[in-house]
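Quick notes on the structure that follows.
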Amino acid sequence: MSRLSNRTAFVTGAAMGNGLGAVKAMARDGARVVMADKNEIVFDTASALQSEGFDVLPVLMDVTDKAGIEEAVQKAVGHYGGIDILVNNAGVSILTRFLDMTQDIMDLHFNVNLFGVWNCCRAVLPHMVRQNYGKIINISSVTGQFVSDEGYTAYGTTKSALIGLTKCLAVEFAPQHINVNAICPGYIHTPMVDDTARQTDPVNPQRVIDSLAQNIPLKRMGTPDEIGDLVAFLASGESSYITGSVIVIDGGALIPETGVVGV
């Protein structure tokens, strides 16, 4: 029996990048996976996974829409009977210097990166409490908590706040056997990183990608599949004594005193 057999996972931002990496890893480990995303591409992505024999359910959902979240969660519970694992992955990053920050850009980061996670936890936790079991995995970042660079004020602030939320939820829901942990990726080659590279150097974004990779001790960016493997571990019974933890996965980028910062 696979380690996530008979478990149902709910993943936000599931259509691509780290979210898709999490979906694939947990599905390979036997989980039923609800793929929640605001982009309709989630249906094509889910169809491809279904053709490979994975049990996935795509749903359109915006993490800033509380009513939409409740509807998606009820659909998931109605289809699979419950939710055992919540992966809060949906996020945004728009490079903006602090004094150039508009209210709209600031609000977008807080509403998606922080309050979106809050909203999803509020919707899913009652189901986990009733079944006296659950796993919540918040995708934070090394940016904000450990490192930063110019332009990441809104992103880093919200991702750092997720660490506090993770620890508080871990303590509060430990009696209900609900583990809550955070993953802090460094540079993972996702569409978001590609977009950041284009913002940094619109003429030659590949130069940014190559430069960043060379300054990482492992000399490469990570992959969404590697994030997925860590998510699947934290979602499994193998992590039963891990809660309130912050796990960095960055190819060693935080170690050198000079070099590269993570996203």
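Scope of the values below: all heavy atoms of this structure, side chains included, with no hydrogens, waters or symmetry mates. All residue numbers in this chain count up from 1 along the given sequence.
Screening V11, L49, V42 against L20 for a side-chain contact (heavy atoms from CB on, under 4.5 Å) leaves a single residue, L49. L169 pairs with exactly one of I178, T243, V117, L125 by the side-chain contact (heavy atoms from CB on, under 4.5 Å) rule, that one being L125.
The aromatic rings of Y155 and H109 lie perpendicular to each other, with more than 60° between the two planes, well past the 30° mark.
Between the side chain of K135 and the main chain of V87, no donor-acceptor pair closer than 3.5 Å is present. Within the 3.5 Å criterion, the main-chain N or O of A27 finds no donor-acceptor partner in the side chain of D55. No donor-acceptor distance shorter than 3.5 angstrom exists from the side chain of S211 to the backbone of R207, with no hydrogens or angles considered. Not one N or O on the side chain of T157 forms a donor-acceptor pair closer than 3.5 Å with the backbone of A154.
Follow the hydrophobic side-chain contacts under 4.5 Å out from F10 and you reach V129 in the same cluster.
Identified under the salt bridge (charged side-chain N to carboxylate O under 4.0 Å, His left out) test for residues 81-94, with sequence neighbours left out: R7-D84. Among pairs with a residue in residues 70-81, none fulfils salt bridge (charged side-chain N to carboxylate O under 4.0 Å, His left out), at least two apart in sequence or across chains.
Between K24 and E52, none of the side-chain N atoms (NZ, or NE/NH1/NH2) sits under 4.0 Å from a carboxylate O, so this pair counts as no salt bridge. Checked for salt-bridge contact, R198 and D195 meet the test: a charged N lies under 4.0 Å from a carboxylate O. A salt bridge links D29 and R3; the closest N-O separation between the charged side-chain nitrogens and carboxylate oxygens is under 4.0 Å.
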